[in-house]
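Just so you know, ligand 1 is whichever comes first in the structure, and atom 1 is the first atom listed for that ligand.
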Amino acid sequence: QTMAHSKTLLVLENFIGGKFVPCSSYIDSYNPSTGDVYCRVPDSGKEEVEAAVKAAKAAFPVWSSKSPLERSQILNKLADLIEHELEAFAQAESKDQGKTITVARTMDIPRAVYNFRFFASSILHHTTECTEMSTVGCMHYTSRMPVGVAGLISPWNLPLYLLTWKIAPAIACGNTVVAKPSEMTSVTAWMMCKLLEKAGVPHGVVNVVFGTGAKAGEALVCHPDVPLISFTGSTLTAQRITEKSAPHCKRLSLELGGKNPAIIFDDADLTQCIPTTLRSSFLNQGEICLCTSRIFVQRSIYSEFLKRFVAEAKKWKVGNPSDPTVDMGALISKEHLEKVRSYVKKAQAEGARVLCGEGVDALALPTGNQKGYFMLPTVIAEVKDESCCMQEEIFGPVTCVVAFDTEDEVIERANSVKYGLAATVWSSNVGRVHRVARRLQSGLVWTNCWLVRDLNLPFGGMKASGIGREGAKDSYEFFTEVKTITIKH
Ligand code: NAD
């Protein structure tokens with residue numbers, strides 16, 4: 001890069017103890033829709049993490065002794081401030097991540113706002129247990145305390161949405177935090193830091209350290225004064241975090257990948273099922289952990305479904321994410337795009353049929369986006385259950401459609417992957433819907449819908465999709481330590 005070029009770059013700084021602090025080295029961050037470097041992200045390591053943990057520790061005694069109501073008011077204020085700048089946040093998220101401006105405006109940023117409002121409210125409504133043993137004159141009760149400094153590590157697909165889903169409950173419960181967003185999508189977290197003081201968040205309660213997983217992330221995971229780590233990301237990274245944190249016996253919450261099935265029975269309402277399954281396959285370029293990537297269709301409706309599904313997928317418009325008429329933006333990085341494409345090639349080599357998208361249809365991009373990381377929604381049929389395309393998380397706009405005959409068979413096939421995050425069942429038979437939902441190995445089962453969430457209820461996966469759940473009660477339990485107290489009278 002020339003000097004003139006680097007002057008125009010956005011340069012982020014860490015946020016430690018209520019102050020923005022520069023870092024000694026930086027990482028380039030790309031605009032996925034143009035392929036240009038547009039931002040420089042601190043390449044933090046042990047030293048920066050040490051300073052952030054120190055600030056968080058110092059802020060803990062005062063913050064943890066505030067009443068839930070005081071903390072709730074601050075969270076609500078922060079929600080209002082982010083909402084006030086919703087458009088600026090949405091523009092930044094779209095530019096940084098490649099997602100469409102429409103998705104950023106209607107999903108990512110509104111949800112980040114709601115995360116703070118939701119935990120501002122729910123923190124006021126928890127109760128504890130009490131029991132009595134009259135024969136020995138004792139009563140017992142439980143009390144919940146914040147744990148201390150929480151380490152929060154988040155991925156690049158829903159940047160502010162997922163980071164605030166951790167920050168909000170952590171600080172609502174009275175913890176202080178050191179957060180590390182993905183090095184590929186750090187801008188909106190940095191923008192949020194600018195609002196903390198105005199919202200009344202005391203210095204040191206929220207610290208954000210930017211950088212890579214290997215350096216900044218691992219320094220946080222290995223820090224002896226960070227007793228709990230809440231992580232959302234890939235299963236591989238979770239294994240590493242588990243190993244690295246084991247010597248400290250840290251409390252871990254792990255929200256990981258998925259290989260989510262949609263099961264479509266012959267009595268499904270296809271007018272609802274087809275548009276929803278398109279969204280569940282391709283929303284946010286298929287870069288949502290909950291996205292469908294294995295579609296099992298009962299044989300009697302298989303051809304009809306496939307024909308209609310492919311015809312609709314071909315209508316999805318891919319292009320400049322800032323164009324509000326576009327349905328799909330750019331993938332996060334060149335490397336990720338290549339990885340996603342390589343799965344389509346592997347499927348073809350195995351004899352599967354690619355019905356639309358990658359390698360089949362032409363992708364026409366606007367002049368300014370020729371170097372962006374785009375691909376078309378891709379539907380693959382006749383792929384074997386053992387294929388890597390049916391077993392591994394692709395995390396892009398690629399979905400496989402296969403036929404099945406019986407209920408027992410499809411449940412077994414749907415369960416035959418290492419993951420267990422989210423499943424979708426389509427049928428108008430109520431009995432069947434309940435039966436199948438109970439037998440699926442999946443933390444979430446949506447029937448006749450997708451991505452309808454009540455934040456009160458547990459969110460998370462089983463098997464390789466994670467350990468622990470997040471939600472009103474679940475996050476409260478994760479971010480607090482429970483104590484049983486016995487009083488003899
Ligand atoms: P990733 O695991 O590569 O990175 C996630 C975060 O961990 C990033 O901030 C990264 O810098 C950090 N990290 C990487 N190595 C680390 C290490 N050794 N120690 C500490 N931190 C480290 O995941 P990604 O590619 O950013 O995100 C995509 C993955 O996230 C997909 O697998 C997706 O399914 C999953 N995901 C899961 C959920 C869920 O709620 N279950 C939600 C969104 C995404």
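Aromatic ring pairs are classed by plane angle as parallel below 30°, tilted from 30° to 60° and perpendicular above 60°; the pair Trp165 and Phe119 is tilted. Under the 30°/60° scheme for interplanar angles, the aromatic rings of Phe118 and Tyr114 are found to be tilted.
In this structure, Pro181 has a heavy atom closer than 4.0 Å to ligand 1.
Here Glu218 has heavy atoms under 4.0 Å from ligand 1 in both its backbone and its side chain. Residue-level proximity to ligand 1 for Glu393 is carried by the side chain, the only part with a heavy atom below 4.0 angstrom. Using a 4.0 Å cut-off between heavy atoms, Leu158 makes no contact with ligand 1 at all. For Glu183, every heavy-atom contact with ligand 1 shorter than 4.0 Å involves the side chain, none the backbone.
Of the candidates Gly233, Ser245, Gly151, the one placing a heavy atom closest to atom 30 (O) of ligand 1 is Gly233. Nearest to atom 12 (C) of ligand 1 by heavy atom, out of Leu290, Leu152, Ile153, is Ile153.
Atom 8 (C) of ligand 1 has Ser154 O, 3.3 Å as its closest protein atom, hydrogens excluded (heavy atom only). Ranking protein heavy atoms by distance to atom 39 (C) of ligand 1, first place goes to Cys289 SG, 3.3 Å. Nearest to atom 27 (O) of ligand 1 among the protein's heavy atoms is Pro155 CB, 3.2 Å. Distance from atom 22 (C) of ligand 1 to its nearest protein heavy atom, with residue and atom name: Gly213 CA, 3.3 Å. For atom 40 (O) of ligand 1, the closest heavy atom belonging to the protein is Phe459 CE2, 3.3 Å. For atom 24 (P) of ligand 1, the nearest protein heavy atom (residue, atom name, distance) is Trp156 NE1, 3.3 Å. The single protein non-hydrogen atom nearest to atom 37 (C) of ligand 1 is Leu256 O, 3.1 Å, given as residue, atom name and distance. Here the heavy atom of the protein found nearest to atom 15 (N) of ligand 1 is Thr237 CG2, 3.3 Å.
Under the 4.0 Å criterion applied to side-chain N and carboxylate O atoms, Glu197 and Lys194 are not assigned as salt-bridge partners. The pair Arg294-Asp385 does not count as a salt bridge, with every side-chain nitrogen at least 4.0 angstrom from each carboxylate oxygen. Salt-bridge annotation for Glu477 and Arg469: absent, with no side-chain N of the basic residue lying under 4.0 Å from a carboxylate O of the acidic one. Between Glu50 and Lys54 no salt bridge is recorded (no basic side-chain N to carboxylate O distance below 4.0 Å).
Against a heavy-atom cut-off of under 4.0 Å, Arg240 is close to the following atoms of ligand 1: 18 (N). Every atom of ligand 1 with a heavy atom of Leu162 under 4.0 Å away is listed here by number and element: 42 (C), 43 (C). Remark: ligand 1 atoms within the under-4.0 Å shell around heavy atoms of Gly257 are 32 (O), 34 (O). Under a 4.0 Å criterion applied to the non-hydrogen atoms of Phe231, ligand 1 contributes the atoms 2 (O), 5 (C), 6 (C), 7 (O).
How far SG of Cys23 is from CD of Glu47: 8.5 Å, rounded to the nearest 0.5 Å. Note that the NZ atom of Lys95 and the OG atom of Ser322 stand 10.0 Å from one another [nearest 0.5 Å]. Distance check: Asn175 CG to Glu481 CD gives 10.0 Å after rounding to the nearest 0.5 Å. Cys400 contributes atom SG, which lies 12.5 Å from atom NZ of Lys384 (distance to the nearest 0.5 angstrom).
In this structure, Tyr30 places its OH atom where only 12 or fewer heavy-atom neighbours from other residues, nucleotides or ligands lie under 6.0 Å away.
Both tests hold for Lys346 against Tyr343: distance to the six-membered ring centre under 6.0 Å, angle to the ring axis within 45°. Cation-pi contact between Arg413 and Phe296: absent, since separation from the ring centre below 6.0 Å together with deviation from the ring axis within 45° is not met.
Geometrically, ligand 1 and Thr235 share no nitrogen or oxygen pair separated by less than 3.5 Å. Any N or O atom pair closer than 3.5 Å counts here, and Asn157 shares no such pair with ligand 1.
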